[in-house]
Amino acid sequence: MIVGEQKPLEEIVGLLGDARKVLVLGCGTCVTVCFAGGEKEVGILASMLRMKSKLAGHPMEVDEATVQRQCEWEYIDPLRERLSQYDAVLSLACGIGVQAMNERFPKHLTLPGINTTSLSLPTEQGVWEERCQACGDCILGITFGICPITRCSKQLLNGPCGGSQRGVCEINPDIPCAWQLIWERAVALGQVERLLEIQAAKDWSRSRDGGPRKIVREDLQLETA
Amino acid sequence: MTERTNGYKSGSNLEKILRAGHFAVTGELGPPQSADGEEIRHKARLLKGVVDAVNITDNQTAIVRMSSIGSGVLAIDEGLEPIVQMTCRDRNRLAIQADLLGAYALGMRNLLCLTGDHQSFGNHPTAKNVHDLDSVQLVHMVKNMRDEACFQCGDAIKGTAPRMLIGAAVNPFADPFEFRPYRLAKKVAAGADFVQTQLIYDIPRFREYMAKVVDMGLHEKVYILAGVGPIKSSGAARYMRDKVPGMIVRDEYVERMNAVVADIPKEEKKARRDTWAQEGIQICVEQIQEIREIEGVAGVHIMAIEWEEAVRSIVEGTGLFPRPAVE
């Protein structure tokens with residue numbers, strides 16, 4: 001899922017600037033599941049903004065709303081009528097939601113309230129670990145289901161660097177070495193020889209390096225008259 | 001065409017020494033964190049004639065320093081052959097190839113292909129890293145530039161192709177240990193002519209690694225230079241043992257460095273420093289003598305960054321001085 005973390009309150013206050021009437025807008029999908037921008041977080045942040053602005057002597061009027069998916073027109077279109085009453089919208093959706101709001105409602109400024117961090121797996125309650133970089137050319141089929149593009153700090157494709165020790169990455173003992181994991185998996189599956197093949201330089205043009213990516217599926221597009 | 005008519009891949013002094021079957025000695029020279037070329041010249045003079053070629057580090061430990069190629073020009077000027085280090089951390093395939101063309105034109109003939117220490121260790125931890133290629137892919141690219149006269153994209157190099165002796169690093173002490181000989185095999189298959197190992201402070205483990213390497217026949221396909229370095233103090237030994245990822249330092253080295261200053265009071269700093277220096281050099285000499293006997297080892301790589309003076313004592317101590325000249 002897409003995972004994010006709320007920005008520091010001071011930064012949010014700074015972004016809102018002189019806005020006196022604000023809509024805090026949550027999203028009911030990924031950021032709800034990762035407790036960063038769902039209905040509950042919207043309520044807490046709205047209360048904090050009310051209190052903080054009141055203490056500062058410039059009370060801010062803060063409304064709350066949460067839509068099911070901020071990244072789809074059909075879920076945000078119903079907001080259109082009410083947006084004109086706000087100086088700013090503070091979105092607690094991921095970066096896609098924030099941009100969807102700005103694109104759909106160009107006359108209204110929607111600001112980000114969270115930092116979108118990663119495509120992560122919740123490995124235990126309260127822990128999210130990054131698993132995918134959306135590189136556009138999945139290699140999990142040759143790395144035994146463990147992604148070195150995401151999980152190796154140097155994105156190595158031909159085995160571990162010299163900084164792997166006792167199963168952890170040189171940059172942080174909390175980070176497992178991806179290549180240690182890949183090696184162990186190869187051993188367990190009896191396919192070590194597959195790791196001896198040299199993996200050629202990666203085609204990064206399918207990643208962000210190739211420019212913003214766009215998928216067009218004509219088979220799914222609606223015909224226009 | 002994989003070799004020129006003279007039979008050499010690059011014609012570097014290091015290649016000639018290795019091909020002639022001499023036990024090679026390489027050193028290391030760390031460029032300054034400034035534009036002071038005199039520092040390079042000074043260190044180069046300390047190492048000239050003492051080593052066959054010298055690694056010039058590339059933003060070592062992710063700290064910005066004078067460029068390896070720029071420093072290499074100064075080293076050549078002082079009569080010392082450089083081994084240009086090149087990391088995948090700071091440059092993409094375009095920048096690396098461009099720099100390689102320049103390095104060759106400036107007279108550089110040896111290249112060491114490295115992944116690079118992570119930038120979080122250095123003085124620009126908020127930097128974006130590159131890692132467009134990994135070190136195996138880098139080796140392969142440099143080999144194709146030399147042997148196929150083509151760029152990584154496949155385009156032909158029209159005119160002079162850079163003909164480098166290709167080096168790589170190997171770490172017999174990192175994990176997973178069982179994978180390490182295979183990692184070397186990949187670098188050899190990609191085109192490495194020589195490799196230098198991580199600092200060895202665990203000879204039994206290095207022996208074990210080399211036994212596997214010899215078993216796989218890799219020592220006949222690549223020149224393996226064993227990495228050694230004089231320990232500066234007890235503290236340095238402990239630090240390497242406890243803090244540096246990818247290093248194994250046996251307790252015996254820490255104990256020896258401790259023991260040698262046991263009778264010198266802590267206040268006598270200079271006496272302790274000198275005693276440590278002497279012992280550090282002595283340990284290094286003994287290590288080289290021991291490592292030299294291990295099958296498959298073609299030379300040593302002496303790493304004494306910021307202690308370049310020690311290298312001569314070590315090389316002399318092992319009877320490897322003067323260095324042979326090969327024409």
Side-chain angles (χ1 to χ4, degrees), chain A residues 133 135 137 139 142-144 146 148-188 190-210, chain B residues 61-62 87-89 92-93 96 114-122 125 129-141 144 152-153 168-191 196-199 216 227 243-248:
Chain A
Q133 289 254 317
C135 75
D137 188 13
I139 57 164
I142 54 172
T143 56
F144 300 100
I146 294 150
I149 299 298
T150 310
R151 302 185 68 184
C152 168
S153 301
K154 301 174 183 175
Q155 302 192 316
L156 305 183
L157 291 175
N158 282 291
C161 77
S164 172
Q165 211 164 28
R166 289 180 278 277
V168 298
C169 175
E170 69 177 19
I171 76 163
N172 186 333
D174 290 336
I175 301 173
C177 169
W179 277 101
Q180 175 78 37
L181 299 175
I182 293 168
W183 168 256
E184 286 169 5
R185 197 90 204 285
V187 171
Q191 297 184 35
V192 165
E193 70 289 346
R194 288 185 61 193
L195 294 183
L196 302 185
E197 295 162 21
I198 292 179
Q199 299 305 327
K202 188 170 168 67
D203 175 2
W204 294 105
S205 71
R206 297 167 75 173
S207 184
R208 189 217 52 84
D209 304 272
Chain B
T61 62
T87 71
C88 297
R89 178 194 59 222
N92 69 5
R93 62 191 83 175
I96 293 174
L114 302 167
T115 304
D117 295 321
H118 195 267
Q119 76 279 2
S120 60
F121 291 108
N129 58 24
V130 181
H131 299 296
D132 173 24
L133 304 176
D134 65 23
S135 57
V136 173
Q137 294 158 352
L138 173 57
V139 165
H140 193 59
M141 180 175 83
N144 281 343
Q152 195 274 337
C153 62
V170 293
N171 188 350
F173 309 103
D175 290 318
F177 181 57
E178 300 73 23
F179 187 72
R180 294 296 157 179
Y182 296 117
R183 176 102 167 131
L184 170 60
K186 287 183 92 162
K187 291 187 175 183
V188 172
Q196 295 168 326
T197 78
Q198 168 67 293
L199 282 164
M216 291 167 73
K243 301 277 186 213
V244 181
M247 281 196 77
I248 298 180

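A, B, ... follow the sequence lines: proteins, then strands. Residue 1 opens every chain. The basis for the numbers below is simple: all heavy atoms, side chains too, and nothing from hydrogens, waters or symmetry mates. Predicted model, so just to flag it, every value in this text is computed and none were measured.
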Would you mind telling me which of B:Ala185, B:Pro176, B:Ala190 has the largest number of heavy-atom pairs within less than 4.5 Å of chain A?
-> B:Pro176

Point-to-point distance, once rounded to the nearest 0.5 Å, from NZ of B:Lys186 to CG of A:Asn158 = 3.5 Å

CG of A:Asn172 to NE2 of B:His118: how many Å apart, nearest 0.5 Å?
-> 10.5 Å

B:Asp175 backbone acceptor or donor facing A:Gln165 side chain under 3.5 Å | no

Toward chain A, the part of B:Val244 with a non-hydrogen atom under 4.5 Å = backbone

Structural part of A:Glu197 lying under 4.5 Å from a heavy atom of chain B = backbone

With chain B, which of A:Gly163, A:Pro160, A:Cys169 has the greatest number of heavy-atom pairs at distances under 4.5 Å?
-> A:Pro160

d(B:Asn92 CG, A:Asp209 CG) to nearest 0.5 Å is 9.0 Å

Please check if the side chain of B:Arg93 supplies one atom and the backbone of A:Ala201 the other of a donor-acceptor pair under 3.5 Å.
-> no

Considering only heavy atoms, which portion of B:Asn171 lies under 4.5 Å from any heavy atom of chain A: side chain, backbone, both, or neither?
-> side chain

Within-4.5 Å side-chain heavy-atom neighbours: A:Leu157 and B:Gln137 = yes

Inter-residue atom distance B:Leu114.CG - A:Cys161.SG, 0.5 Å rounding = 11.0 Å

Approximate separation, where rounding is to 0.5 Å, of A:Leu195 CG and B:Arg183 CZ = 11.5 Å

So B:Arg180 and A:Ser164, side-chain contact (heavy atoms from CB on, under 4.5 Å) or not? Walk me through it.
-> CA-CA 11 Å; B:Arg180 294 296 157 179; A:Ser164 172; 3.9 Å; yes

Roughly how far apart are A:Ser153 OG and B:Arg89 CZ, rounded to 0.5 Å?
-> 13.5 Å

Part of A:Ala200 lying under 4.5 Å from any heavy atom of chain B | backbone

Okay, A:Lys202 and chain B: the region with an atom under 4.5 Å from a heavy atom over there is backbone

Between B:Leu133, B:Asp117, B:Asp134, which has the largest tally of heavy atom pairs under 4.5 Å with chain A?
-> B:Asp134

Which atoms of B:Gln119 come close to chain A, meaning under 4.5 Å heavy atom to heavy atom: side chain ones, backbone ones, both, or neither?
-> neither

Do any N or O atoms from the side chain of A:Lys154 and from the backbone of B:His131 form a donor-acceptor pair under 3.5 angstrom?
-> no

Classify the angle between the aromatic ring planes of A:Trp183 and B:Tyr182 as parallel (below 30°), tilted (30 to 60°) or perpendicular (above 60°).
-> tilted

Report yes if some heavy atom in the side chain of B:Phe121 is under 4.5 Å from a heavy atom in the side chain of A:Glu170; otherwise report no.
-> yes

B:Met247 portion near chain A, given a 4.5 angstrom heavy-atom threshold = backbone

Under 4.5 Å heavy-atom distance to chain A, tell me which part of B:Phe173 shows up: side chain, backbone, both or neither.
-> backbone

